[in-house]
Structures are given as structure tokens and as C-alpha cells.
Amino acid sequence: MITLRYIASVVLLGVSSLTWAQTVGIAMSKKAGNREQFAAQYLQKKLSALGYQSVVGKKGDYRIDLSLAKDTVGLKKEGFTILTKGKRILVIGNDGTGVIYACNEIADYVRQHKSLNLPREIKDAPEMVLRGSCVGIQKPYLLPGRAVYEYPYTPELFPWFYDKAQWIKYLDMLVDNRMNSLYLWNGHPFASLVKLKDYPFAVEVDDATFKKNEEMFSFLTHEADKRGIFVIQMFYNILLSKPFAEHYGLKTQDRHRPITPLISDYTRKSIAAFIEKYPNVGLLACLGEAMDTYEDDVEWFTKTIIPGVKDGLKALGRTDEPPLLLRAHDTDCKMVMDAALPLYRNLYTMHKYNGESLTTYEPRGPWAKIHTDLASLGSTHIENVHVLANLEPFRWSSPDFVQKATQAMHNVHHANALHIYPQASYWDWPYSADKLADGKRENQLDRDWMWYQTWGRYAWNCHRNRQDEIVYWDGILDTKYGANTGDGIRKAYEESGEIAPKLLRRFGITEGNRQTLLLGMKMAQLVNPYKYTIYPGFYESCGPEGEKLIEYVEKEWKHEAHNGELPLDIIEQAMAHGDKAVAAIDAVAGQVTSDKDEFKRIQNDMLCYQAFAYAFGWKVKAALHVLNYKWGKDIKELDAALPLMEKSLDYYRRLVNLTKDSYLYANSMQTSMRRIPIGGDDGKYKHWEEMLPVYEKEIVDFKKNIAMLKAKEAGTYTEKEEVIRSLKPAKVTLPKDVKTVTLKKGVRLFSDLDSVVTDYAPELDGLKAYVFSTNQQRQEAVKLDFTCDKNVTLLVGYFRDDQIKYAQAPKLEIDATANEYGQAEPAYTSAIRIDGMPQVNVHPYSFKPGHHTLLLPKGIILVLGYTSDKIKPREVGLSGADKAIDWLFY
């Protein structure tokens with residue numbers, strides 16, 4: 001006989017027919033592992049929360065035996081069986097984690113049914129093998145003297161990281177939602193967590209902080225392990241510690257530098273030391289953003305990262321392989337995996353679900369193919385619900401949307417694991433963007449509990465009956481806010497949950513952090529989106545087939561058939577969703593009996609979504625008339641657009657009033673990397689109140705330009721010819737071997753091509769342009785060394801062509817440092833013509849006085865010279881295309 005240890009509880013079940021107390025004994029073997037022990041404590045705690053009073057050391061009226069399956073052949077990991085006969089309940093876990101989830105099942109059943117009279121058999125196991133969420137050890141702003149992602153683990157920056165009670169709360173949340181993985185995201189964590197014999201100066205924290213970090217990692221991994229949770233540390237490549245970089249005169253990150261023996265050795269030894277010191281922690285490698293080419297990615301992963309892991313295992317005498325995860329972001333993940341699998345078998349792949357937003361449960365196109373290709377490798381493929389740039393900051397928790405999205409992950413992408421980001425305010429963890437009356441901050445974990453619960457529930461099983469799910473969620477919400485409130489709150493979440501996804505996928509510039517949708521869009525971005533660089537593959541992948549507004553208008557004028565999801569239909573749907581969400585939440589407002597303050601915040605969010613849908617919708621309708629003017633040149637179309645813009649602005653003012661006392665910001669990434677609807681430089685334009693003058697000025701400028709057009713039509717306007725002056729070349733000191741040429745027609749900018757400059761923007765006339773070899777540019781990154789004694793702007797020309805031989809223009813979606821010098825957007829578009837070569841956009845790179853070294857990407861590229869003059873961006877129009885219409889709003 002197995003000796004059993006008992007934990008007893010007095011059960012005060014909420015059943016009116018019961019007039020006596022019932023006790024429950026929870027038993028397990030003396031040889032029980034840490035997860036079964038935790039399961040018993042977990043179940044006792046859950047029953048106590050349901051009104052039970054513990055009586056330890058006695059048998060009970062009910063008896064629950066916790067055990068492990070003796071024969072696990074054919075059994076799915078983390079699964080369980082619950083057998084009930086009378087008042088005896090036998091829990092059989094396929095493993096220790098399965099026992100925990102069985103206890104979760106029992107507690108959930110009691111909560112729903114107010115009874116321990118379980119069905120005779122309950123058998124269950126997860127559909128997805130990994131189910132987890134992440135915490136970003138990041139900040140909304142850049143630290144002085146540091147680039148993006150560079151945040152040492154210190155109490156000053158992250159006091160919450162050292163709060164053990166808060167970590168327990170988070171880990172218990174994961175258990176409640178049957179999640180088994182926790183991801184910690186940081187640029188270069190090693191310099192905060194390990195010390196290297198060969199590079200002792202690389203550590204970024206003081207000794208006292210280092211000891212605290214060691215203690216916290218040990219605590220966190222121990223507490224996670226007994227809950228069946230795997231801790232995974234993420235890091236970027238190539239990224240160096242600041243003291244290491246300064247010691248060797250390097251930059252901490254530089255996308256275009258080559259791999260060198262020094263930085264490879266440092267990184268390999270950092271990884272080895274980490275594996276040796278924290279053997280229960282996995283690694284998630286992001287090869288993109290700070291690496292140049294796909295070939296570099298393969299070399300780095302196979303010759304630095306994997307050897308580093310193996311070195312750490314060898315030092316421990318281990319022959320097993322801990323999981324190593326590889327992100328597909330900004331890399332050819334399949335190419336890397338093909339090279340890596342012969343060297344290391346326990347590899348996982350990860351790719352973003354809808355990019356850095358949530359846009360659809362009908363993914364398709366080239367991004368879906370990345371998922372299916374990776375899933376076909378046979379390893380575990382993980383869906384990453386990433387950043388949610390279009391959902392910030394309002395509450396979003398739609399069970400219907402999440403269930404359908406999870407089904408798409410299985411059926412369309414063929415994935416079998418899930419990793420979710422926080423619903424909003426990722427960069428500001430653990431706080432939400434909510435502005436509370438008492439000046440305190442609301443925790444994301446408290447605010448967005450339903451976000452985690454929906455994804456956890458459907459990652460476990462996405463094939464649940466929809467009607468049963470309505471009953472389930474209504475019951476959950478009734479319990480939290482009061483009887484008969486759940487149906488209205490759920491409907492409000494599900495209606496509002498369609499607004500941001502539909503609007504972004506039909507009108508957005510990008511799915512990434514570069515755009516904060518809920519701050520709105522400028523008219524110029526609606527009528528000339530390509531000027532703002534629509535991210536390639538976005539429209540083809542992140543929603544059903546459909547048309548952009550500019551495509552819709554063109555088809556109307558050409559009398560062509562429309563196809564798929566149409567812009568005006570989406571606008572009407574978004575407005576209707578807003579109305580239904582507000583109606584649903586208002587209908588139950590009088591029945592709320594608990595957590596009234598939070599309910600009011602949900603109610604306000606529904607009003608915000610409604611106001612935003614109307615502000616955006618009327619603006620799109622105005623843009624339609626402006627695009628009609630572009631095609632027909634009828635000023636009456638502009639007259640028709642004006643009142644619609646004003647109506648949009650009225651709703652935006654309503655949104656400002658709804659948010660000025662309820663939100664601190666919209667976007668949690670408050671840096672120059674945010675460009676749409678306007679640059680977020682120095683943490684500006686992060687609130688609707690800040691954006692209002694921008695949209696007001698649009699109307700002022702629009703009225704001015706309409707009046708000008710009417711005066712021209714009437715012959716009463718005297719047009720002043722705009723004089724475009726050439727930029728004056730700045731005085732810079734260059735190395736003696738640099739060859740330059742004065743820019744003018746007929747000059748050759750490439751030593752190995754006969755092509756000559758045939759036309760260019762007047763601003764560029766007389767600049768000192770570099771002369772390069774295209775063959776050399778394709779072999780290695782262009783390195784520029786120069787010294788200046790005052791502020792200068794370097795003008796770099798990128799060819800508008802996706803061929804691999806051309807250097808690619810900066811893209812913030814794949815390179816977080818793509819605006820380090822203010823170069824993210826072109827200063828002059830279609831600005832220079834060279835015989836037989838594509839069109840060129842000219843990007844500005846700004847530098848302060850001093851000596852500078854700049855690496856530009858591999859590929860054919862133009863370096864057109866330096867100036868200290870002020871640059872006025874414009875469309876030069878040398879492409880011969882029709883003049884864009886967005887000038888009406890400047």
C-alpha cells in the first residue's frame with residue numbers, strides 16, 4: 001500500500017439544499033514530486049477561494065487522490081484523467097504538470113456547478129504543446145547613450161523584477177490559464193546575469209545588483225519549475241554589452257557590420273556561461289534587426305550560438321539538449337534551420353501571427369507561407385501574438401475573435417504552440433496606460449486578466465462549442481461584475497474587438513510599432529499611403545482579400561469590378577460595431593454590483609472605440625472625395641470633403657475628452673521609431689490631446705488650398721514661382737583614398753558602370769557625391785569615415801527596387817535602429833535618374849560635430865554628399881508619375 005499524506009478542507013458549497021459542511025481530503029504519495037505537491041496546495045487554495053475552510057490532517061467526506069500514470073506510452077504530455085466514483089475522485093496525471101491541470105479542471109468545475117459531483121470520467125490534454133506569455137524587460141524610452149533594447153537588469157530600471165510576490169502572482173496566473181512557458185524579452189541579458197573570465201569588464205551591473213539578479217533568476221526558475229512552467233530568455237543578435245563595446249571601440253549594435261572573431265567569441269562565451277549557470281532556462285534567439293544578411297544569420301546561429309550552448313552543456317557534463325528557439329523575424333528561418341538541425345535537434349521556430357498587430361482570423365499570403373514552411377520542418381512551430389500596436393491602449397478581450405484566430409493558427413498556419421504579448425503597454429510593464437484618479441498606476445495583470453484567459457483557454461482547446469463558450473464567458477463575467485452583466489460585457493468586447501483589426505488591415509501603413517492606429521491617421525496618409533512606405537506583404541497577408549482606398553477609387557473611375565473587402569463597407573461595419581458595443585455595455589450598467597470602477601473603465605473604452613470608429617470613418621469618407629478630385633479635378637469634390645473632415649474632427653474631440661482624464665498615453669513605445677500618424681521623437685504625440693492640433697491644422701491648410709484652387713480657376717490668383725535652391729555642400733574631412741565627384745548631369749557615380757546621371761533634384765546640384773564600385777558594394781557594407789566641425793546631414797540614395805543587388809532602404813519593421821540618424825523616411829522621393837537604373841529616394845542621416853564611422857547596408861547605393869542646410873522634404877517627381885494629392889493638406 002502507498003502511504004498517503006492528507007490535506008483536508010471544509011467545503012462550504014453554495015447549494016441551498018445542503019445544510020451541513022462537507023470536508024475534502026486531498027491525498028498524494030510520500031514520493032510525490034514538486035509538481036504534485038504544488039497541485040495539492042493549488043487545489044486547496046482554489047477550494048478556499050470558493051468558500052472552503054481547511055482542516056488539515058483529517059480524512060474528508062470527499063477524497064481526492066493525486067497520482068501519476070504508471071504507463072505513459074501513447075499518452076500526451078500534460079494530459080490527465082479524472083475518475084469519479086461516489087465521493088472518491090482519482091486524479092491521474094500523464095506527468096506532474098498534468099496533475100496540476102487536473103486540479104485546475106476540478107476547481108473550474110466546482111466554480112461553475114457549485115458541486116464536487118464530477119462526471120464519471122474527464123479526460124483532457126492540450127492541443128498546443130507550448131502555451132505562454134512574455135514580460136518585456138524594456139522601457140518606453142531609450143536610456144541616455146544607449147540604443148533600442150539596451151536595458152540592464154537593475155532595481156532602478158525594473159524595481160518590479162525583484163518583487164517576488166508579484167512574480168508568484170504572475171506564475172499563478174499562468175497556471176490558472178494552463179500556460180507552461182514564460183518568456184523574458186531583453187536585448188542583451190547576459191551582461192546582467194553572468195561574468196566571463198576572459199571579459200570581466202563586460203558586466204553591466206554592480207556586484208550588489210549582480211547578486212540580486214542571480215538570486216531572482218534562481219527564485220524565478222525554481223517557482224516556475226514546480227508549476228510546470230519553462231522560463232525562456234530572449235536576446236537579440238548581434239548586440240554587445242555597453243562596457244564591452246566601449247572597451248574595444250565598437251558600437252553595441254550595428255546592423256551592417258561583419259561578424260568578427262572577437263564579437264563571436266564574446267557572445268559564444270556569454271551563452272555558454274548562461275547555460276552553465278542557469279541550466280533550467282531556455283534561449284530564444286532573434287537573429288534579425290542587428291544582423292545584416294541571411295548568410296550572416298546562418299553563420300552566427302551555427303558557429304556562435306549553438307556552439308555556445310554546447311560549451312555550457314559540456315561544462316555541466318550534460319548530454320541532453322535544452323530547447324533553443326529561433327525567431328523567423330527578419331531572417332530566412334528555414335535556411336537557418338536547414339543548416340542548424342544537423343548540429344542540434346531540439347530546435348523550435350517562432351513567427352508573428354499578424355505581424356505586430358492583431359488584424360484577422362483569416363491569415364493568408366506570403367506571411368502564412370512562412371508559417372506553413374516552418375511547421376513542415378517537423379519541429380514545434382510557435383505562433384507569436386506580438387506587440388499589438390493597433391490595440392493600444394484600450395481594453396480588448398474578444399473570446400470569439402481569439403477562438404477563431406487560434407483555429408487559424410492550427411488550420412492555416414499548421415502551428416502547435418502559442419506565445420502571447422501583453423494586450424497593451426508591453427514597453428511599460430507591469431503598468432497599464434490607464435490614468436487613475438488617485439494618481440496610482442493600474443497593473444496590466446489586473447486589468448487584462450481576460451486577455452490571458454481567452455488565449456490560454458483556446459490554446460488548450462480551440463474546438464469548443466461556440467454556444468457553450470457564450471455560456472462560459474457570460475458566467476465568468478457575471479461572477480466578476482454581478483449577475484446578468486456577463487452577456488452585455490462579452491458582447492461589448494466582441495463588437496469592439498472587430499474595430500481596430502478591420503481598420504488597420506484595410507487602411508494601415510504597417511502592422512508594426514511604426515504606426516499607432518488608435519491615434520488616427522493624417523489625410524495625407526489616407527490619400528497617398530505609398531509615400532509612407534506601406535510594408536511589403538502586409539495587405540497580402542494580414543486580412544481577407546480586399547482593396548485599399550486608393551485602389552477602390554481608381555477602379556470606380558475606370559469602371560472595373562471590385563474584389564473582396566471594400567473600404568467603405570469596412571467603415572460602416574466599424575461604426576456599427578462601435579454602436580453595438582456601447583449599447584451592449586450600457587444595457588447592463590445598472591446591474592453591476594462589484595468592481596464598479598473597473599466596469600466604468602470598460603464602459604469608457606467602449607465609448608472611445610465608438611468615437612474613434614466615427615472619427616476615422618468620416619475622415620475616410622472625406623478622403624474618398626479628395627481622391628475623386630485627383631481623378632476628375634472637380635473642386636466640388638473638395639467642397640464635399642471639407643464638412644466630412646470637420647465632422648471627423650468633432651468625433652476626435654470627443655475622443656480627446658474621453659481619454660484626457662483616463663489615459664496617460666496611447667502607445668507604450670515612445671521613441672522616434674513611431675512614425676505614423678506622426679513621429680514620436682522625444683516621447684511626443686503619444687496622447688490624443690497632443691494630436692488634436694495636428695488634425696486641426698490639416699483642415700486649416702485644406703481650406704487655404706481650396707481657396708487657392710478656386711482663385712486660380714477664377715483667374716484672380718497670382719502664383720509665385722517657387723525657387724528651389726541648391727543645398728550648399730558642408731565642409732567635412734574624408735580619408736585621402738575617397739573618390740568624389742561634383743554632382744551634375746553626365747557624371748558617373750559608379751566606377752565599374754557606364755551609366756551616367758541624367759536628371760536630379762535641384763537641391764542636389766553641386767554636392768560632392770562618392771564614386772563607388774558596384775561589385776565592391778555587393779560584397780561588403782559601405783563604410784564611411786568622416787569628420788565635421790558642425791552639424792551635417794548626409795544624403796544617401798536608395799534605389800526603389802527589391803532585387804538583392806540593391807541595398808534596401810531603412811525599414812523600422814525589421815530594423816529597430818532604422819531611424820538612429822533620422823533616416824527612416826526619405827527627404828526627396830524620385831529624386832535622381834541614372835541611365836538604366838531604378839528610381840531613387842534620398843534619405844537624410846544627421847550627425848553632430850565630431851568624427852563618425854557609418855556602415856551602410858550591402859548592395860548598390862548612392863552617397864550623394866553632405867550639407868548643413870535645412871532640408872525641406874518633397875516629392876521631386878522624376879519618376880514621371882502623376883503628382884500626389886497630399887499637398888492639399890500642407
Presence of salt bridge, Glu763 and Arg725, under 4.0 angstrom
no

Do Val792 and Thr867 have side chains that approach each other closer than 4.5 Å (heavy atoms only, starting at C-beta)?
no

If you draw a 6.0 Å radius around NZ in Lys768, do more than 12 non-hydrogen atoms from other residues or ligands fall strictly inside?
no

Can you name the closest pair of heavy atoms from Trp367 and Pro536 and give their distance?
CZ2-O, 3.5 Å

Distance alone, cut at 3.5 Å: any donor-acceptor contact between the side chains of Asn628 and Trp557?
yes

Compute the centroid of each ring, for Phe616 and then for Tyr652, and state whether the two points are separated by less than 6.0 Å.
no

Given Glu551 and Lys555, is the salt bridge (charged side-chain N to carboxylate O under 4.0 Å, His left out) satisfied, shown in steps?
CA-CA 6 Å; Glu551 294 170 336; Lys555 285 188 175 184; over 6 Å; no

Lys/Arg N to Asp/Glu carboxylate O, Lys710 vs Glu713, below 4.0 Å:
no

Is a side-chain donor or acceptor of Asn390 paired with a backbone partner of Ser357 at a separation under 3.5 angstrom?
no

Test applied, side chain to side chain contact (heavy atoms under 4.5 Å, CB included); reference residue, Tyr845; option that passes from Val863, Leu856, Thr793:
Leu856

With the side chain counted from C-beta on, respond yes when Val527 and Lys630 share a heavy-atom pair under 4.5 Å apart, and no when they do not.
no

Electrostatic pair Arg514:Glu813 at N-O distance under 4.0 angstrom
yes

Carboxylate-amine/guanidinium proximity below 4.0 Å for Glu875 and Lys531
no

Under the salt bridge (charged side-chain N to carboxylate O under 4.0 Å, His left out) definition, can you give me all pairs with a residue in residues 852-868, not counting sequence neighbours?
none

Determine yes or no for a side-chain-to-main-chain donor-acceptor pair under 3.5 angstrom, with Glu356 supplying the side chain and Asn513 the backbone.
yes

For the pair Arg506 (side chain) and Gly543 (backbone), establish whether a donor and an acceptor sit closer than 3.5 Å, ignoring hydrogens and angles.
no

Counting only heavy atoms not in Tyr685, do more than 12 fall under 6.0 Å of its OH?
no

Between the side chains of Thr510 and Gln515, does any donor sit under 3.5 Å from an acceptor?
no

So which heavy atom on Gln777 is nearest to which on Ile860, and how close?
OE1-CA, 3.2 Å

Got a donor-acceptor contact below 3.5 angstrom from the Ser755 side chain to the Asp835 backbone?
yes

Does Ser830 form a side-chain contact (heavy atoms from CB on, under 4.5 Å) with Arg800? I'd like the steps, not just the answer.
CA-CA 9 Å; Ser830 301; Arg800 288 162 53 176; 2.6 Å; yes

Does Tyr236 reach the main-chain N or O of Gln253 with its side chain, forming a donor-acceptor pair under 3.5 Å?
no

Here the pair of heavy atoms bringing Leu526 nearest to Ile550 is O-CG2, 4.2 Å

For a side chain to side chain contact (heavy atoms under 4.5 Å, CB included) with Leu549, tell me which candidate from Val626, Leu627, Ile570 qualifies.
Leu627

Main chain of Ala781, side chain of His256: is a donor-acceptor contact present, judged purely on distance under 3.5 Å?
no

Between Gln525 (side chain only) and Met521 (backbone N and O only), is there a donor and an acceptor less than 3.5 Å apart?
no

is_close_aromatic(Phe235, His188), centroid dist under 6.0 Å
no

Just so I know, are the side chains of Pro844 and Tyr821 near enough to count as touching, which here means a heavy-atom distance under 4.5 Å?
no

How close do Pro857 and Gln808 get, counting heavy atoms only, and between which atoms?
CG-O, 4.0 Å

Measure from the ring center of Phe786 to the ring center of Tyr866 and say whether it is less than 6.0 Å.
yes

Could you tell me whether the side chain of Thr516 reaches within less than 4.5 Å of the side chain of Arg674, counting heavy atoms only?
yes

Taking NZ, NE, NH1 and NH2 as the nitrogens, is one of them in Asp765 or Lys744 under 4.0 Å from a carboxylate oxygen of the other?
no

Kindly indicate, with the supporting measurements, whether the criterion side-chain contact (heavy atoms from CB on, under 4.5 Å) is fulfilled by Glu690 and Lys686.
CA-CA 7 Å; Glu690 290 179 277; Lys686 60 179 177 285; 3.6 Å; yes

Assess whether side chain to side chain donor-acceptor pair (under 3.5 Å) is satisfied between Tyr426 and Gln138, documenting all intermediate values.
CA-CA 8 Å; Tyr426 160 73; Gln138 321 258 22; 3.2 Å; yes

Any chance the rings of Trp631 and Tyr552 have centres within less than 6.0 Å?
no

Taking atom types as modelled, find out whether Tyr665 and Glu392 have a side-chain donor-acceptor pair closer than 3.5 angstrom.
no

Any donor-acceptor pair under 3.5 Å linking the side-chain atoms of Asp634 with those of Tyr629?
no

Check the pair Lys783, Asp785 against side-chain contact (heavy atoms from CB on, under 4.5 Å), reporting the backbone distance first and the verdict last.
CA-CA 7 Å; Lys783 182 179 179 181; Asp785 276 301; 3.6 Å; yes

Could you go step by step and tell me if Cys333 and Arg327 meet the side-chain contact (heavy atoms from CB on, under 4.5 Å) rule?
CA-CA 7 Å; Cys333 195; Arg327 288 185 76 202; over 6 Å; no

Okay, side chain of Thr787, backbone of His851: is any donor-acceptor separation there less than 3.5 Å?
no

Are the side chains of Arg748 and Val757 in contact, using a 4.5 Å heavy-atom criterion?
no

Quick check on Lys548: does its NZ atom have over 12 non-hydrogen neighbours (other residues, nucleotides or ligands) under 6.0 Å away?
yes

Got Ile238 and Arg257 here, is their nearest side-chain heavy-atom distance under 4.5 Å?
yes

Between Gly537 and Pro366, what is the shortest heavy-atom contact and its length?
CA-CG, 4.4 Å

Main-chain N/O of Thr774 paired to Asp752 side chain as donor or acceptor, under 3.5 Å
yes

Take a 6.0 Å sphere around CD1 of Ile534 and say whether it holds more than 12 heavy atoms from other residues, nucleotides or ligands.
yes

Determine whether the side chains of Thr829 and Asn841 contain a donor N or O and an acceptor N or O closer than 3.5 Å.
no

Identified salt bridge (charged side-chain N to carboxylate O under 4.0 Å, His left out) partner of Asp330 from the options Arg255, Lys352, Lys811
Arg255

Would you check if the side chain of Arg505 reaches a backbone N or O of Thr359 as a donor-acceptor pair within less than 3.5 Å?
yes

Where Val771 and Thr740 come nearest, the two heavy atoms and their spacing
CG2-C, 4.3 Å

Give me the ring orientation class for Tyr798 and His843: parallel if the planes are under 30° apart, tilted from 30 to 60°, perpendicular past 60°.
perpendicular

Looking only at the side chains, is there a donor atom on one of Asp815 and Thr817 sitting less than 3.5 Å from an acceptor on the other?
yes

Distance only, no hydrogens: is a donor on one side chain within 3.5 Å (strictly under) of an acceptor on the other, for His625 and Glu637?
yes

Carefully, step by step, assess Arg675 and Thr533 under the rule side chain to side chain donor-acceptor pair (under 3.5 Å).
CA-CA 11 Å; Arg675 308 310 299 165; Thr533 316; over 6 Å; no

